[in-house]
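The block underneath contains the structure these notes are about, expressed in structure tokens.
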Amino acid sequence: MVKALSVAKRLEKAVSDYLLWMISNGYADSTCMRYQQVSNHFAHYIIQRAIPWDAVFTFDTLRDFQKESGLILASHAVRGLSRYLFKQNRIKRRIEKPVQPLPEVFEEYLDYYTRVKDISRLQMLRARRTLTAFGDYLDKNSIMLKTVRIEQIDAFLAAHNRNYVTGTSGMHRSILRGFLAWLHQNRILKRNFAPLIIGAPVFAQSIPPKFLRADEIRCLFESLIGTTTIELRTAAMIYLGFYLGLRPKGNQPDTA
């Protein structure tokens, strides 16, 4: 009974302090009222079930509260309260969704990324989310990481970045670029695809790079007839240029 009362008092003060903080930081009145209602429901749920303080702000507790109360959108308010208390050092950790482990090679890179780059926790979570999406794309399309091709990487980025702003899309490309470079350095990929992932700044240049996508290359080859000497010569030059990776010298536009 003493412990339950202690939790009740701590929750009451926590909710009160959090709402005052929201008001002082200019949150809308409707938002404050909604968060107060949800927080009060959450506090009642915790007290009724005599949940100890250390188990109040956990993902499992929030999930059970949402399921029993029917307040599916309650997570915003409760997570916000947990973030506030965590920043105030009043709880040991904020509510977080359990991290699903990635395939071994992905986890090895994330471990390297964390140790060598000395990144923040937020950067780590962003990298994990991006690589999780990439891994899901490979699984969905039955693509082995060791055999991935640049057009498949392009297709993933195009789909993944469709609803993101330019800055976020650039961050996703940067994360994937680092992962691909690491794969090449560790001989998991024979080719380093990192330099081929070009962002918006490159295409904003006065003379942006030009290249053909996989379907465009396929159409080009299908159009090669080779019935005359000139056509055979043209076809030979195109095949040589493609398979040997030849590039025109300099960046001057073709004036022919």
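Just so we're clear, the structure is a prediction, and the values are computed from it rather than from any experiment.
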- For salt bridge (Lys or Arg N to Asp or Glu O under 4.0 Å), just list the numbers for Asp136 and Lys140, CA-CA rounded to whole Å, side-chain angles, deciding distance to a tenth of an Å, and then say yes or no. CA-CA 6 Å; Asp136 290 343; Lys140 182 179 179 181; over 6 Å; no

- Taking every non-hydrogen atom, the tightest pair across Ala74 and Phe65: CB-CE2, 3.8 Å

- Query: Is there a donor-acceptor pair closer than 3.5 Å between any side-chain N or O of Ser174 and the backbone N or O of Gly170?
  - Reply: no

- Task: For Ser169 and Thr166, run side chain to side chain donor-acceptor pair (under 3.5 Å): C-alpha distance rounded to whole Å, both residues' side-chain angles, the deciding distance at 0.1 Å, then the answer.
- Result: CA-CA 5 Å; Ser169 298; Thr166 302; over 6 Å; no

- Query: Asn40 and Val15: which non-hydrogen atoms are nearest, and at how many Å?
  - Reply: OD1-CG1, 4.1 Å

- Query: Any salt bridge (Lys or Arg N to Asp or Glu O under 4.0 Å) pairs touching residues 81-90, not counting sequence neighbours?
  - Reply: Asp17-Arg90

- Query: Parallel under 30°, tilted from 30 to 60°, perpendicular over 60°: which one fits the rings of Trp21 and Tyr84?
  - Reply: tilted

- Message: Parallel, tilted or perpendicular: which one describes the rings of His172 and Tyr164, with boundaries at 30° and 60°?
- Response: perpendicular

- Query: Could you give all pairs that pass the salt bridge (Lys or Arg N to Asp or Glu O under 4.0 Å) test and reach residues 141-150, with sequence neighbours left out?
  - Reply: Arg149-Glu151

- Query: In terms of side-chain geometry, is the basic nitrogen of Lys67 or Asp64 positioned less than 4.0 Å from the acidic oxygen of its partner?
  - Reply: no

- Message: Which label fits His160 and Phe156: parallel for a plane angle under 30°, tilted from 30 to 60°, or perpendicular past 60°?
- Response: parallel

- Query: Considering only heavy atoms from C-beta outward, does the side chain of Thr132 approach that of Leu102 to under 4.5 Å?
  - Reply: yes

- Item | Aromatic plane relationship, Phe134 with Tyr137 - under 30° parallel, 30 to 60° tilted, over 60° perpendicular | parallel

- Query: Ring centroid separation for Phe221 and Tyr239, is it under 6.0 angstrom?
  - Reply: yes

- Item | Thr228 backbone acceptor or donor facing Glu231 side chain under 3.5 Å | yes

- Message: Is there a continuous path of hydrophobic side-chain contacts, each under 4.5 Å between heavy atoms, that joins Phe179 to Met144?
- Response: no

- Task: Indicate the atoms forming the closest heavy-atom contact of Leu220 with Ser223, along with that distance.
- Result: O-OG, 2.6 Å

- Query: Can you get from Ile230 to Leu232 by hopping between Ile, Leu, Val, Met, Phe, Trp and Tyr side chains that sit under 4.5 Å apart?
  - Reply: no

- Query: Do the two ring centres, one from Tyr35 and one from Tyr27, sit under 6.0 Å apart?
  - Reply: no

- Where do Phe86 and Lys92 come nearest, in terms of heavy atoms and distance? CE1-O, 3.2 Å

- Heavy-atom closest contact (Leu62 atom, Ser75 atom, distance): CD2-CB, 4.0 Å

